[in-house]
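Structure first, commentary second.
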Amino acid sequence: MLGFSLRSLWNRRFVAGLTVLAISLSVALILGVERLRDGARDSFANSASGIDLIVAPRGNSVQILMATVFGVGGTGTGMTWDSFEWLEDRPEVAWAVPIQMGDNHRGYPVIGTVASYFEHLRHSGGQPLSLAAGTFLSGDGADAAVVGAEVAARFDYAPGAVIVNAHGAGEVSFDLHDDAPFTISGVLAPTGTAVDRMVFVTLEGFDALHAQEYAPAADPLDPAAMPTDDHDDHDGHDAHEDHGEHEGTEAKHSHEPDRINAVYVGLIDRTNVLGLQRAVNERASDALSAVLPAVALAELWGITGTAERAMRLMAWAVALAGMIGMVVMLSATLDTRRREFAILRSVGATPTRIFSLIVAEAAILTAAGLILGLVLLTVATFVTDPILSARFGMRLGLNVFGMREMATLFVIFWAGLLASLFPAARVYRMTLADGLSVRL
Amino acid sequence: MFGPSGCGKSTLLSAIAGVVDVSPEAILVANNDVGALNGGARDRFRVDHIGIIFQVFNLIPWLSALENVLLPCTFSKRRLARAGEDPAKTARNLLDELGLSDTSLLCKPASELSVGQQQRVAAARALIGKPDLILADEPTSALDEAAKAAFVGLLARECVEAGSALLFVSHDRSLEHHFDRSVDFVALNGGAA
């Protein structure tokens with residue numbers, strides 16, 4: 001029966017091919033939308049793992065999360081180093097990592113931070129960051145930089161390479177800090193998160209860039225001398241001196257900038273997170289927000305949920321159109337095939353057999369559509385994966401099918417069979433009425 | 001059987017073939033009461049015992065000539081069993097005897113055959129597996145005079161060979177001499193038409 005249906009479809013391969021294409025596009029679209037959504041969620045959730053609280057200048061929690069963890073957009077005006085130290089000294093805090101942002105390296109965000117960043121940040125279900133080559137920020141070299149896997153791959157960077165950063169977040173910037181180059185000390189192993197697209201420098205190095213920018217060029221003939229000169233005048237240095245009496249802190253932070261953009265906080269006991277959040281929000285000297293990454297993510301999904309639903313609805317609408325296309329194709333050919341059915345009847349085919357011939361044709365079309373759809377999706381994933389990961393730091397990955405995808409395919413297949421019952425029922429009635437002679 | 005158009009010849013053939021409902025004990029074919037059989041059984045009975053040749057368009061266009069001939073064997077065990085050890089070979093022999101020996105022709109889709117060739121393929125399909133009865137519903141009406149006579153001659157000869165009865169419907173009485181017996185449908189019908 002299937003072979004018979006196949007031959008019959010092959011006879012109408014052009015229209016059948018178009019039908020299969022329509023179904024496959026809808027399958028690819030439905031699964032693609034789901035994968036995109038899952039990929040985005042996973043990648044975001046993976047990026048933010050290991051951080052219990054993000055403290056940043058007061059602002060919208062989603063914005064803070066996007067800016068700090070994903071390097072998209074920025075936070076408000078900086079928070080003081082005092083606040084960082086206050087946080088660090090809180091009894092419930094296990095670790096705190098300062099973050100400075102606002103520069104980019106050829107379009108990739110530059111993060112000013114400390115060596116312990118690499119120790120504490122986790123990705124993809126709790127894995128620590130690891131190096132593909134070189135060393136982490138050692139702490140002493142102000143011009144050291146660690147680059148994410150993707151940055152390194154894109155520009156072919158290896159430890160020892162010298163890079164120049166630019167001010168601002170845009171990909172094209174004319175405001176290059178080319179007088180303050182960094183030397184790459186390490187390249188991170190790929191994580192599949194936003195970290196792959198980041199360039200990490202020391203707080204000192206980050207400040208050195210801006211120290212230059214803020215100061216008038218006193219001696220343009222001697223740029224090499226400027227960072228140190230400037231630094232003495234820089235507020236950051238004053239702060240450093242203010243806290244000079246804390247011996248422990250002094251040893252821990254070789255450089256204390258004036259202002260930072262955010263602090264990643266890890267707690268000793270995560271149940272204290274709400275208490276600390278309240279304490280941060282109530283801190284009088286500095287207007288701060290403490291963001292729970294998971295809560296901010298949930299908020300973000302709440303915002304994108306409508307768009308997601310619209311996309312999903314559209315994908316299913318395309319599937320419906322594909323199904324209708326198939327029913328139209330099967331129905332349209334019925335009249336021209338009446339003769340064929342009469343002949344089959346004359347050689348002993350029962351009306352049920354002819355009914356199942358139509359259903360089998362629909363099954364073949366739908367199954368072919370599903371398979372082609374998966375192929376399309378795989379090809380599309382291959383093509384778009386580098387783009388998505390470059391632009392958004394997310395990976396779709398060629399993951400095997402989840403239960404939900406199987407269920408989706410199952411639903412589409414049965415919908416196809418169900419839809420074919422309409423033309424099949426018509427054929428059934430028609431063959432019964434026609435018998436061996438076709439009435440026109 | 002001869003008679004003018006529209007007198008009900010085709011309807012009688014449909015009744016014999018078990019496509020239209022008839023009352024029990026009205027029609028007996030090879031000791032089967034066609035009217036007493038239910039739908040599915042009638043379809044099985046039809047392919048087991050009857051070969052049918054239509055006026056025109058006898059073949060499934062997307063199957064090759066050979067596959068068209070073998071169709072009854074895919075639907076009927078009895079026909080398959082009676083088609084010999086290798087049904088494909090039997091089919092080729094039949095086609096050969098009917099004047100279609102060109103093998104390249106046999107593998108072409110049926111839609112590429114001429115009308116005369118199509119009718120001969122249809123005759124081979126009706127004959128394969130030696131059914132008890134062959135119903136031919138004006139199979140020559142699309143053929144010219146020479147081809148007509150040749151076709152009927154071949155068909156009659158093959159029916160004798162297969163041991164099948166042949167009920168040949170036509171309005172063309174010039175073919176009468178090929179048959180043992182001729183019936184005027186109008187007379188058979190009691191002059192009702």
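The chains referred to below are lettered A, B, ... by the order of the sequence lines, with proteins before strands, and numbering in each begins at 1. Computed from a predicted model, the values in this text were never measured in an experiment.
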Q: List in chain and number order the residues that pass side chain to side chain contact (heavy atoms under 4.5 Å, CB included) with A:Leu29, two or more places apart in sequence or in another chain; answer none if no residue qualifies.
A: A:Ala315, A:Val318
Q. Looking only at side chains, do A:Thr408 and A:Arg404 share a donor and an acceptor under 3.5 Å apart?
A. no
Q | Aromatic ring pairing A:Tyr428/A:Phe355, orientation class (parallel under 30°, perpendicular over 60°, tilted between) | A | perpendicular
Q) What part of B:Arg42 lies closer than 4.5 angstrom to a heavy atom of chain A: side chain, backbone, both or neither? A) neither
Q. Could A:Arg7 and A:Trp10 be counted as a cation-pi pair, given that NZ or CZ must be under 6.0 Å from the ring centre and within 45° of the axis?
A. no
Q.
Looking at B:Pro139, is its backbone amide N or carbonyl O close enough to the side chain of B:Gln119 to form a donor-acceptor pair, meaning the two atoms are under 3.5 Å apart?
A. yes
Q. Residue by residue, which of residues 63-71 of chain B have a heavy atom closer than 4.5 Å to a heavy atom belonging to chain A?
A. B:Leu63, B:Ser64, B:Glu67, B:Leu71
Q) How far apart are the closest heavy atoms of A:Ala424 and A:Val359, and which atoms are they? A) CB-CG2, 3.9 Å
